[in-house]
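Quick caveat: nothing in here was measured; it's all calculated off a predicted structure.
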Amino acid sequence: MQQLQQIKRYVLPLVHDASEAARAEFPPQAAAPPSIAPPKSTAPAREVGHFWRIADRYYGDTALIGSMQAAGHKAEHAGFGAFTLALPGGRIDFTRAQDERLFEEQSGRLHTLDVQGDIDLPKVLADLEAAGFAASGGEWETMPTRYPPPREPILASVPAPPEPAFAAPAEPEPEDDAPAEDPPAPTITAEEGDLEFSIDPKELQGALNLIKRVSDLRDTGLSQVQIECRGHVHFRVGTPAQFFELRLQSTRCAAMGAATVEVKPLLDAPRTLGKQRLVVRKVAREPRLRLSAGGRQVDLATTAYTPVGLESEPAHVVSLPADVLADMLHRTTFSIGRSKSREHLMVLRLESDGAALRLVATDGHRMAVASTPATGARALDGLQIGVTAAERIETLVDQHLALTRPRGRSASRTIPPVHLLVTAASDTRAKMLIVRSELFTFAAAHVPIQFPRFQAVVPAAEKLGGLCVVQARELAEALASVARAKNNAVLEFGDALHVSNKPDDGEPALRFAIRDVFTSGPPRRVLVNPELLRPAIEAAAQGDRPFVALAYDGQAELGPLVVTRWLTDERPRDRREALATIHDEVRGLNLAIIMPMNG
């Protein structure tokens with residue numbers, strides 16, 4: 001205390017002397033004479049607040065609070081950076097979300113906007129924007145992680161599908177003496193005109209690439225696409241057996257409405273319009289949809305067709321990480337039957353006991369089953385979808401996963417879920433399986449057909465004494481070589497694994513010694529069609545798994561060959577490890593079964 005008093009006695013005189021010296025050097029100036037000019041307003045210009053839609057939530061900056069106050073809404077500080085805004089019917093809570101700047105337009109902190117009571121938040125924000133009190137900063141699929149946020153829309157990275165994925169027009173039928181059909185209905189305007197929105201050409205191309213994957217020029221319903229503006233821009237393609245909806249979250253509607261056009265001319269339009277930002281517009285009472293960019297424009301005739309949408313909101317059953325569902329589809333869709341002579345095999349079947357979900361497929365020569373824990377999935381039990389719908393779901397889930405978790409991001413990032421839902425059958429529509437993500441909704445009708453009992457084909461794990469863990473790529477390449485020779489493949493299990501062909505007279509003999517392999521059990525020679533086995537090997541190795549496992553009953557000469565995943569990056573240390581792992585996969589119903597051939 002005495003030291004503190006001494007410091008004060010020493011410092012205070014120095015401060016006083018410095019102040020006096022400053023006043024002497026800079027004397028006060030005389031007051032300016034009064035001005036006859038009118039006084040200028042000193043009130044600062046009001047700062048416009050901004051809001052953003054990120055996934056399915058709204059966010060606003062600190063300036064938005066002042067904007068809402070200027071619009072007549074009372075604000076109260078709730079502490080810790082939180083505010084409440086009172087509105088008729090309830091309130092909007094501004095909860096502190098981010099102190100860092102994430103958007104170029106952002107002023108102050110970023111807040112989540114949560115509604116309490118009967119308030120239509122999108123309408124409130126739209127009204128604020130229309131009155132000039134606020135402005136939208138755009139819509140984003142996910143929360144940006146850096147400043148400035150990336151500007152390229154999420155759909156810009158969707159690649160074009162291979163041409164066979166988009167069915168060519170059907171060949172014209174030969175003419176006959178049948179009476180001429182009625183002329184097609186004339187093009188009509190949308191029921192609600194004035195459809196208008198602006199879109200990045202890369203995003204439009206990405207959306208069209210997805211639409212191309214679910215369209216079919218041979219089908220009247222699947223060759224037309226509806227474009228609707230209801231806050232978001234929606235693209236829809238649908239028939240009673242299939243429905244697809246794509247929601248663009250980074251575009252905003254300038255005018256609400258809907259119009260349907262043919263898919264093919266819409267796909268061709270971007271080639272004419274170039275790389276400038278496009279405006280898509282449909283004027284009421286005009287039977288055309290206009291796409292324009294700069295000085296270029298394309299007019300597309302509208303049609304009377306409306307895609308057959310979902311009649312009611314489906315019931316949610318279970319949500320799965322996208323990579324889990326994608327892996328299950330990869331491990332089963334290759335085995336779906338394609339022969340119209342066996343239509344009961346042209347489906348992918350879903351089964352559930354309430355604790356796990358299974359996908360099952362068979363073409364009569366092989367079978368594939370993929371399972372995952374899924375509590376509450378019993379409502380999916382017995383659902384069956386056709387081969388085309390299953391392949392489209394597989395493609396869409398792959399695209400969802402690629403867009404929401406592109407390569408290069410941290411592997412620890414949460415995998416975005418995909419939701420499985422169902423709708424009940426109605427007088428006009430069968431029961432439907434709905435696959436929904438933040439990007440798309442796809443619905444496929446249940447196919448009521450008798451599917452074989454697959455459990456009778458699965459061998460008991462205890463009988464599978466012949467074991468082999470092999471480098472997947474090496475085995476797949478050997479099988480591909482045999483397939484190119486159009487021969488069947490011979491797999492010889494023993495101290496090693498050899499793959500050879502069964503040549504016809506005069507054909508060259510091929511033989512491959514598989515080097516990266518672990519084998520254990522009685523020797524066995526298996527004759528198989530390589531075109532049946534190779535997809536099973538590649539599917540079990542999905543997700544960059546380097547090894548796959550093969551197993552067989554050493555006592556059954558024509559017993560099935562079983563293919564399972566091998567979930568580690570190294571071969572087994574011994575037979576005990578191989579036996580335990582492969583048997584777990586078989587008991588857990590994660591396997592493919594290939595029936596051997598005589599010879």
Side-chain angles (χ1 to χ4, degrees), residues 43-144 149 153-154 192-199 227-234 245 247-258 280-281 313 438-439 441:
R46 174 172 53 83
E47 188 173 12
V48 175
H50 286 81
F51 60 88
W52 298 263
R53 178 162 181 161
I54 304 172
D56 289 327
R57 300 197 68 176
Y58 282 93
Y59 294 78
D61 59 9
T62 301
L64 184 61
I65 300 171
S67 296
M68 296 190 71
Q69 285 180 298
H73 304 299
K74 183 181 178 181
E76 293 186 2
H77 186 214
F80 300 101
F83 291 82
T84 61
L85 275 293
L87 282 80
R91 72 175 194 268
I92 299 175
D93 292 339
F94 280 66
T95 305
R96 181 174 175 178
Q98 286 278 358
D99 290 340
E100 297 81 9
R101 186 180 183 187
L102 292 179
F103 300 97
E104 293 181 6
E105 309 90 346
Q106 181 180 335
S107 176
R109 294 190 182 108
L110 194 66
H111 303 261
T112 57
L113 308 184
D114 297 309
V115 171
Q116 306 295 331
D118 186 17
I119 295 176
D120 185 349
L121 181 57
K123 184 178 185 304
V124 170
L125 296 175
D127 291 345
L128 286 171
E129 185 174 23
F133 288 104
S136 171
E139 298 175 350
W140 303 78
E141 301 284 352
T142 58
M143 177 71 77
I154 189 170
E192 301 177 46
D194 298 331
L195 159 70
E196 183 176 347
F197 62 93
S198 175
I199 186 169
I227 305 172
E228 183 180 31
C229 268
R230 288 287 182 272
H232 290 290
V233 177
H234 300 263
E245 179 181 85
R247 184 176 70 173
L248 308 187
Q249 294 189 346
S250 58
T251 56
R252 292 184 295 143
C253 296
M256 307 301 177
V280 181
R281 187 167 183 259
E313 180 62 24
E438 61 187 32
L439 181 66
T441 296

Minimum heavy-atom distance Val48-Ala135, with the two atoms named: CG1-N, 3.8 Å
Main-chain N/O of Arg230 paired to Glu228 side chain as donor or acceptor, under 3.5 Å: no
Least distance between heavy atoms, His111 atom then Thr62 atom: NE2-OG1, 3.3 Å
Side-chain touch Asp114/Ile92, heavy atoms, less than 4.5 angstrom: no
Nearest-0.5 Å distance, CG of residue Leu125 to CG of residue Leu64: 6.5 Å
Contact summary for Phe197 and Cys229, nearest pair of heavy atoms: CD2-SG, 3.6 Å
From NE2 (His234) to CZ (Arg247), nearest 0.5 Å: 6.5 Å
ring-ring contact (aromatic ring centres under 6.0 Å, His included) between Trp52 and Phe103, worked out: CA-CA 9 Å; Trp52 298 263; Phe103 300 97; 4.6 Å; yes
Atom of Leu85, atom of His73 and distance for their closest heavy-atom approach: CD1-O, 3.9 Å
Side chain to side chain donor-acceptor pair (under 3.5 Å) assessment of Ser136 paired with Glu129: CA-CA 7 Å; Ser136 171; Glu129 185 174 23; 5.0 Å; no
Least distance between heavy atoms, Ile65 atom then Ala75 atom: CG2-CB, 4.1 Å
Nearest heavy-atom neighbours spanning Ala71 and Leu128: CB-CD2, 3.6 Å
Expected output: side-chain Asp61 to main-chain Ser107 donor-acceptor under 3.5 Å: yes
Within-4.5 Å side-chain heavy-atom neighbours: Leu113 and Leu121: yes
Spacing of Thr95 atom OG1 and Leu110 atom CG [to the nearest 0.5 Å]: 11.5 Å
Minimum side-chain heavy-atom gap Ile119-Val124 below 4.5 Å: yes
Side-chain touch Met256/Glu196, heavy atoms, less than 4.5 angstrom: no
Spacing of Ser67 atom OG and Glu47 atom CD [to the nearest 0.5 Å]: 8.0 Å
Interatomic distance, Met68 atom CE to Leu87 atom CG [nearest 0.5 angstrom]: 5.0 Å
